[in-house]
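Have a look at the structure below before the remarks.
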Protein chains: 2
Amino acid sequence: MKKNKSAEEKIKEAARLVFTQKGYAATRTRDIAEASGVNLALLNYYFKSKENLFDIVMLENIKVFSQSVLAILNNPGTTFFEKIEILVGHYIDMMIENPEMPIFFLSELKGNPKKLFSKIDHRSKFKESIMVQQWKELIKTNKRSAFNPQHIILNTISMIIFPFIANPMIRNRTGMSQEEFNTMMLERKKLVPVWIINMIQNN
Amino acid sequence: MKKNKSAEEKIKEAARLVFTQKGYAATRTRDIAEASGVNLALLNYYFKSKENLFDIVMLENIKVFSQSVLAILNNPGTTFFEKIEILVGHYIDMMIENPEMPIFFLSELKGNPKKLFSKIDHRSKFKESIMVQQWKELIKTNKRSAFNPQHIILNTISMIIFPFIANPMIRNRTGMSQEEFNTMMLERKKLVPVWIINMIQNN
DNA sequence: GTCTATATACGGATAGAC
DNA sequence: GTCTATCCGTATATAGAC
């Protein structure tokens, strides 16, 4: 607790970055030490092991992310369809800022299905959210067949996240620059909600 | 070249499996040797290094996959919309058989953008395919605005592949079994083409 | 071609000086 | 708290017998 920006914080910062870029196994603690500008031994002084550091950083990530999404779901001032637009925009903005995040997250989770998940389970908070209430209201008043919304949710998330996962491949095959890719993704902030709402209404 | 099923082939078989399950960095050559039932030293005898073995196996994978897709694209006996259905079914069946494949493929590619891609570039074959011809015919006769089909292609692939990438997370959060997940994916063989065709026609 | 034994390198972690 | 030096396990790769 000496420097103004504590070494501990600098390590976490760097770890977040390097882990997401290279994945857990391919990351060397030396990489993190180097990237954060602190000595390798400090890393084990503050966090006792690589694995421990990983868990801590990831839990923080997930927490921050969940909070931001739940805040949108529980905003009483927006309609169901407005929430879709806001969520889509929120996700896309977030991915543009952290392009490596989704693929990293999903590939690491395959290995540790239990550890990270068990700690933070927001399923109940999601089910009790205002957005879910609004959805129930919607299918009631519209007398629509009780369509299984899982497909719709899945489609939404798919159309948002997958392009970022496939980013390197897309750029390679189309010859797009990163700039052009981002522009395309920003276009989708308007397009995805339209597609989704069509799916719901043609259901 | 002694055994009926050559050791070389057994190693490649096992390597394909272990690499896709654990990723390149987390895979130990010992794992591969063990899984294939051959001695560790043999692995370096046939393929001189872990990296080399990886490249060989992956190139084969990509080749097989590309061939199967191009065959569908170039079938003159099916219409454009039939091809969509067939492609969707083909992809989903393939993913159900090899559930680890997409996430592995995409996460490894992020590291080596160049090597694997440069070898096999089917972009021109794709552009000259019958399916692309049929698409051009379609937008001409329908007098539709020359809609950028990139979004549509991206959406299709997203809705097919992403669920498999997110499989562990989906099962965790919904409590679904692998069986139920697969059933859901089979449902999508019919649903995805409908959604896509709607997108094209509402365009 | 296939094995055992081993060289060699690398990476996580710690001891101990400051 | 921060550094240098080092230990030690593990993983790739090879030498050499059969």
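We use all heavy atoms of the structure for the numbers below, so side chains are in, but hydrogens, waters and symmetry mates are not. Just so it is clear, the model here is predicted, and its values are computed rather than measured. Per chain, numbering begins at 1; letters A, B, ... match sequence-line order.
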Side-chain donor/acceptor of A:Thr183 to backbone N/O of A:Glu179, under 3.5 Å = yes

Minimal non-hydrogen separation, A:Ile161 against A:Pro102, with atom names = CG2-CB, 3.6 Å

ask   = Which residues pass the salt bridge (charged side-chain N to carboxylate O under 4.0 Å, His left out) test with A:Arg16, sequence neighbours left out?
value = A:Glu60

key: Atom pair distance, as rounded to whole Å: CD in B:Glu34 and P in D:dT10   = 15 Å

ask   = Looking at the side chain of B:Tyr46, which of C:dT2, C:dT14, D:dT2 is the nearest nucleotide?
value = C:dT2

query = Considering only C:dA13, C:dT2, D:dC3, which nucleotide approaches the side chain of A:Leu42 most closely?
reply = D:dC3

key: Atom pair distance, as rounded to whole Å: NZ in B:Lys10 and P in C:dG1   = 13 Å

inquiry  = Can you see whether A:Phe80 has A:Lys136 sitting over its ring - NZ or CZ less than 6.0 Å from the centre and within 45° of the normal?
reply    = no

Please list, for nucleotides 4-8 of chain D, all pairs of protein and nucleotide N/O atoms separated by less than 3.5 Å.
unit_1, atom_1, unit_2, atom_2, d
D:dT4, OP2, A:Asn39, ND2, 3.2

task = Nearest whole angstrom, please: distance from the C1' of D:dT14 to the CZ of B:Phe47.
result = 17 Å

ask   = How close or far is atom P of C:dC3 from atom CG of B:Leu43, stated in whole angstroms?
value = 12 Å

Closest non-hydrogen atom pair, B:Arg173 against A:Arg123 = O-CD, 2.6 Å

Pairing residues for A:Phe104 by the ring pair (Phe, Tyr, Trp, His ring centres under 6.0 Å) criterion, not counting sequence neighbours = none

ask   = Taking only side-chain nitrogens and oxygens of A:Thr29, does any of them come within less than 4.0 Å of OP1 or OP2 of C:dG11?
value = no

ask   = To the nearest Å, how far apart are A:Lys50 NZ and D:dG9 P?
value = 18 Å

query = So, B:Glu82 side chain and B:Thr79 main chain: donor-acceptor pair closer than 3.5 Å or not?
reply = yes

inquiry  = Restricting to ring pair (Phe, Tyr, Trp, His ring centres under 6.0 Å), what partner residues turn up for B:Tyr45, sequence neighbours left out?
reply    = none

ask   = Given Watson-Crick or G-U pairs with both distances under 3.5 Å, what dot-bracket string fits DNA chain C, with | for other-strand pairs and [ ] for crossing?
value = ||||||||||||||||||

task = Would you kindly give the CD1-to-P distance between A:Ile32 and C:dA13, to the nearest whole Å?
result = 10 Å

key: Rounded distance in Å - CG (A:Asp31) to C1' (C:dC10)   = 12 Å

query = When the distance from CG of B:Asn44 to P of C:dA5 is rounded to whole Å, what number comes out?
reply = 18 Å

task = Compare every heavy atom of B:Phe47 with every heavy atom of B:Glu8, then report the nearest pair and how far apart it is.
result = CG-CZ, 3.6 Å

inquiry  = Short of 4.0 Å, heavy atom to strand atom, which residues of residues 17-28 of chain B count as contacting DNA chain C?
reply    = none

key: Pairwise side-chain contact, A:Lys189 with A:Asp93, heavy-atom cut-off 4.5 Å (strictly under)   = yes

ask   = Counting only N and O atoms by type, is there a donor-acceptor contact under 3.5 Å from the side chain of B:Glu180 to the main-chain atoms of B:Ser177?
value = yes

